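Working notes, structure below.
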Amino acid sequence: MIVVFLHTKPVLSSIIVGTKIEGGIILILLCFWSALVAVVSDTRHGLATDPTGGISNGNLYYFTWAGLAVGVALMLNYIRSVYGLDISAELKTRSKRLQYWVYLGIAGIIQMGSSARVFDNHCGLSNYGLGEQELGSVKFCRRCKVGIVLGVFNAIGSLIVALLLIFVLKGGRGGGSSGRKIPWLFTTEIVMSSILCLCQAVGVPFLTSQEGPGAAINNIFYSSWACLAILLVLMSSWVQDWSAASSAVRSADTNGNGSAYNETERIELREQTVPIRSNGNSGGLV
């Protein structure tokens, strides 16, 4: 409220707007909201979740996550206004699917952390003194491990692909908004998203079924379905690119007149790489 008041006064706004003071306030609040999300979502504290992991206080649970989201939005806006770095725009322009890989990594970290916390509370060494209803069964604990493994796979897989998209496509080369696609990078996206989607599709029923840690509406439930939804979006995106490339190749084959130029164009569309040199001696292509 103090910051809002300072923003409304032109004389006082220069003290805080766009300064390191504002950035420090945002960073501190962001740290507090992150810690609060961890505390509120912990089943052992009983603030917003019951011993089974279900949401018992919806206002506290959802507004805590909303506070964290607003804190992240404030930090992104501050970085854009002060340093001129628009992270959201960079994610969209660097690569068509980079932002979704980042979202998958965030959802994977939440899935991994939430599953690990539930496992530690109900199956690990810290479950000493819990009641019979609070102790996890063998099947429940095994499914918690499934959630941990899936979260690790999603986080690491998305990190690898995101780093490749950032550094390989740096400067708009090989698949950015103005560059060509790199075949092996496109193949990496296809393979990684297909494997992760298959694993997540198998794991979600185990996690969200009656005896799973995500049976109740909680972090595991939301993050598991979010990971699967993001992976489906990723797969639909590269399927569209694949179909567009195949249509372009068929169109080139249909409209081609057998000249070396058309042949070069068709091969370039298939390989998605640099144009191929013509052999001046034989008139063929190398």
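Sequence positions, counted from 1, serve as the residue numbers for this chain. No experiment lies behind these values; they were computed from the predicted model shown.
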Compare every heavy atom of G18 with every heavy atom of V82, then report the nearest pair and how far apart it is.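 Minimum heavy-atom contact is CG2-O, 3.7 Å.
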
Can a side-chain donor-acceptor contact be found between [Y] and [X] if the only test is distance below 3.5 angstrom?
{"X": "S193", "Y": "W238", "value": "yes"}
{"X": "N219", "Y": "S41", "value": "yes"}
{"X": "Y62", "Y": "N57", "value": "no"}

pair check: C141 + C123, SG-SG < 2.5 Å: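 Yes, because the SG atoms of C141 and C123 sit under 2.5 Å apart, which meets the disulfide cut-off.
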
Heavy-atom count check: over 12 atoms from other residues, nucleotides or ligands less than 6.0 Å from Y78 OH? yes

Working to the nearest 0.5 angstrom, can you tell me the gap between L198 CG and M235 CE?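 Here the rounded value is 9.0 Å.
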
Working to the nearest 0.5 angstrom, can you tell me the gap between W101 CH2 and L231 CG?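 W101 atom CH2 to L231 atom CG measures 6.5 Å (nearest 0.5 Å).
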
Decide yes or no on side chain to side chain contact (heavy atoms under 4.5 Å, CB included) for T49 and D42, but give the supporting numbers first. CA-CA 7 Å; T49 56; D42 194 345; 5.9 Å; no

When you compare the side chain of [Y] with that of [X], does any pair of heavy atoms fall below 4.5 Å?
{"X": "V118", "Y": "C144", "value": "yes"}
{"X": "V17", "Y": "L6", "value": "no"}
{"X": "Q200", "Y": "N154", "value": "yes"}

Considering only NZ, NE, NH1 and NH2 on the basic side and carboxylate oxygens on the acidic side, decide whether D241 and R97 come within less than 4.0 Å.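 Looking at R97 together with D241, the answer is yes, because their closest N to O distance falls below 4.0 Å.
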
Could you please spell out the steps behind the side chain to side chain contact (heavy atoms under 4.5 Å, CB included) verdict for L104 and Y100? CA-CA 6 Å; L104 177 63; Y100 296 110; over 6 Å; no

Run the numbers on L30 and L68 for side chain to side chain contact (heavy atoms under 4.5 Å, CB included), then give the verdict. CA-CA 7 Å; L30 191 58; L68 178 60; 3.9 Å; yes

Using the side chain to side chain contact (heavy atoms under 4.5 Å, CB included) rule, take L150 and L207 through it: C-alpha gap first, then chi angles, then the decisive distance, then the call. CA-CA 10 Å; L150 288 176; L207 294 174; 4.2 Å; yes

